[in-house]
Amino acid sequence: MKWGDVRTGEYLLPVLDAPLILARGLVKTFGDFVAVDGIDVEVRRGESFGFLGPNGAGKSSTMRMIGCVSPPSGGTLQVLGMDPATDGPRIRARLGVVPQRDSLDEELTVEENLWVYGRYFGLPRHVVRERARQLLEFAQLTDRADSVVEPLSGGMKRRLTIARGLVNEPEILLLDEPTTGLDPQARHVLWDRLFRLKREGVTLVLTTHYMDEAEQLCDRLVVMDRGRIVAEGSPRELIARHSTREVLELRFDADDHAQHLAGVDGIADRVEVLADRLLLYVRDGEAAHSEVVRRGLEPLSALVRRSTLEDVFLHLTGRSLVD
Amino acid sequence: MATTTTVALRARTAPPQVPGWRAVAEHWMRKYRRVWFGTAISSFLAPLLYLAGMGFGLGLLVDRASGGVGGVPYVVFIAPGVLASTAMQVGVGEASFSVMGGIKWDRIYHGMLATPLGPVDVVAGQLAFIAFRVLTSCAVFLAVAGLLGTVRSPWALAALAVATLCGVACAACSFAYAARLDNDRGLTLMFRFVITPMTLFAGTFFPIEQLPGWLQPVAWVTPLWHAVDACRSLVLGTATPGPVAGHVAYLGAWLVAGVWLAVRVLRRRMVV
């Protein structure tokens, strides 16, 4: 191990506008399978950056490469101005990682998990104890400090994992599917915590297949599909560029909604046929609905809503984010 | 790219010096604190039961029939053997299911490797903890064996070191094996078809000269036989430097090979 020098001496860091993460043509293959197929990514300091895509889009593989636990198969990658291939330990010393699947020590208590983890970064005991106290406060786990981890709820374990990822005061926090598998209330508690970190200027990089999560947390995101980036921008930009302002959802009493396509012809800029409904992409949903009524169509239900990233994804790939 | 300006920044945290392996060993010690009583009971009691049952029970028959083994009572003969095999069992026991757990169940190795730690630290730290476990288990056993009058020489303290070396060497090999497995059936097989036969046939309970001729070379190859032979000569006070040094060197080779393999297997499994 040669990570002593990281923490003792001075080191050079390109500042100003230098991206914290810079990937060019990044590729990850497993045998014949191409998980990440030549992506370009730039993440800047203080920004909250997301990878949005369905399961298997290559998000986690990308995160593992950025986290320096998975060597890239091709292209270039720089994290904090360093090369993961040669400076992995030095980079990891300054990252916080919240993996997709928890890796807590379930036999230890909540607080002990933070202590042992802090020591991995070479922190002195008194520093670890002090930070653990603050982080428990942050993660709203102070009253569970002495509980063994194993019986805790999924939401609590997630918050503990996030607290653990902050123990080294990282410059970038990597969150892989931070709220997958949590109930709605636990998700909102978690989002609130992440939002606080964002406001404090922590650079967040997260993957998600929930479009609401991406909209809540990301300043900028890339939409990934089958290992490639298919769109990039802020949530609002992406919606403006790839969707209409509003969506009219129509449900009919029909096995195949495509049979109602002719009936709505001309009402919308674009129509998507899903298994259980038609999505009409329009500027004014109410007006479109009036037109549907005027034509004498009788949907079981009609709903007007704003366009979301889900619509962007559907438009770009022809598929839904969550199957 | 606006990466033209570079500025020297001072690392924000004071320079702490905790070697990676030590942080890992601390973690295992902390886990051990919660379960030490149970494991202490089993790691001390099991060898004592062997000593009592085999040594004093079976030993009575052996001693009556042939006046002991190699000129000493049977219980004195097997005590160093049980010492060495205890070391192996504790070592392997601590580097089997816990290794699989670190990879697959609670996945703590994944957590470790997301930090500055690398596979070398993960392996070295756990083996350091295992050395402590083996040493303490064997020390208590040796103390009790001494009280029962089966220790004949102060060189028994050196036997303690040899036994610990054997335990850690076997643990390293077990780590490498466990880190390759997809499920824990392979571990059950290892205990049933490697560890138990080795305990029985590597000179622990009878001299390997009793084995059929073709089986003796198999016993020579096992690390346990070398530990048993060295421990026996040291505890009985009949040791000569040459053979003991040979045994220690052989066990050292197993340790080096085991550590090398364990690190390699863990890296291949985790860093992909």
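Since we're looking at a predicted model, the values are computed, not measured. Numbered from 1 within each chain, the chains take letters A, B, ... in sequence-line order. Atoms considered below: every heavy atom in the structure, side chains included; atoms not considered: hydrogens, waters and symmetry mates.
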task: List the steps and the verdict of side-chain contact (heavy atoms from CB on, under 4.5 Å) for A:T109 and B:R34.
output: CA-CA 10 Å; A:T109 66; B:R34 309 198 146 263; 2.9 Å; yes
- line: Max heavy-atom pairs within cutoff under 4.5 Å with chain B, candidates A:E150, A:R101, A:K28, goes to A:R101
message: Do B:V271 and A:S70 make a side-chain contact, defined as non-hydrogen atoms from C-beta onward lying under 4.5 Å apart?
response: no
task: Determine whether more than 12 heavy atoms belonging to other residues, nucleotides or ligands lie under 6.0 Å from atom CD of A:E130.
output: yes
- line: Under 4.5 Å to a heavy atom of chain A? For B:R30 that would be both
- prompt: Got a second to check how far B:T115's OG1 is from A:R164's CZ, nearest 0.5 Å?
  reply: 9.5 Å
Engaged part of A:V148 at the chain B interface, taking heavy atoms whose separation is under 4.5 Å: side chain
- prompt: Hey, does the side chain of A:R64 reach the backbone of B:V272 with a donor-acceptor pair shorter than 3.5 angstrom?
  reply: yes
field: Residue B:V24 versus chain A: region with a heavy atom under 4.5 Å
entry: both
query: Checking salt bridge (Lys or Arg N to Asp or Glu O under 4.0 Å) for the pair B:E26/A:R125: CA distance, chi angles, key distance, verdict?
result: CA-CA 11 Å; B:E26 278 178 23; A:R125 284 201 179 78; 3.0 Å; yes
- prompt: Between A:E112, A:M65, A:E106, which has the largest tally of heavy atom pairs under 4.5 Å with chain B?
  reply: A:E112
task: Report, as yes or no, whether the 6.0 Å neighbourhood of atom CZ on B:R269 holds more than 12 heavy atoms from other residues, nucleotides or ligands.
output: yes
message: Checking an interface table here. Which of residues 123-142 of chain B come within a heavy-atom distance under 4.5 Å of chain A?
response: none
query: Between A:Y120 and B:M112, which heavy-atom pair has the shortest distance, and what is it?
result: OH-CE, 3.1 Å
message: Just so I know, are the side chains of B:H27 and A:L108 near enough to count as touching, which here means a heavy-atom distance under 4.5 Å?
response: yes
message: With a 6.0 Å cut-off (strictly less than), is the heavy-atom count around CZ of A:R193, excluding the residue itself, greater than 12?
response: yes
field: Residues of residues 96-111 of chain B with any heavy atom under 4.5 Å of a heavy atom in chain A
entry: B:K104, B:D106, B:R107, B:I108, B:H110, B:G111
- request: Would you indicate whether the side-chain heavy atoms of A:R92 and B:L117 approach each other to under 4.5 Å?
  value: no
message: Quick check on B:Y50: does its OH atom have over 12 non-hydrogen neighbours (other residues, nucleotides or ligands) under 6.0 Å away?
response: no
message: So B:M270 and A:V69, do their side chains get closer than 4.5 Å, heavy atoms only?
response: no
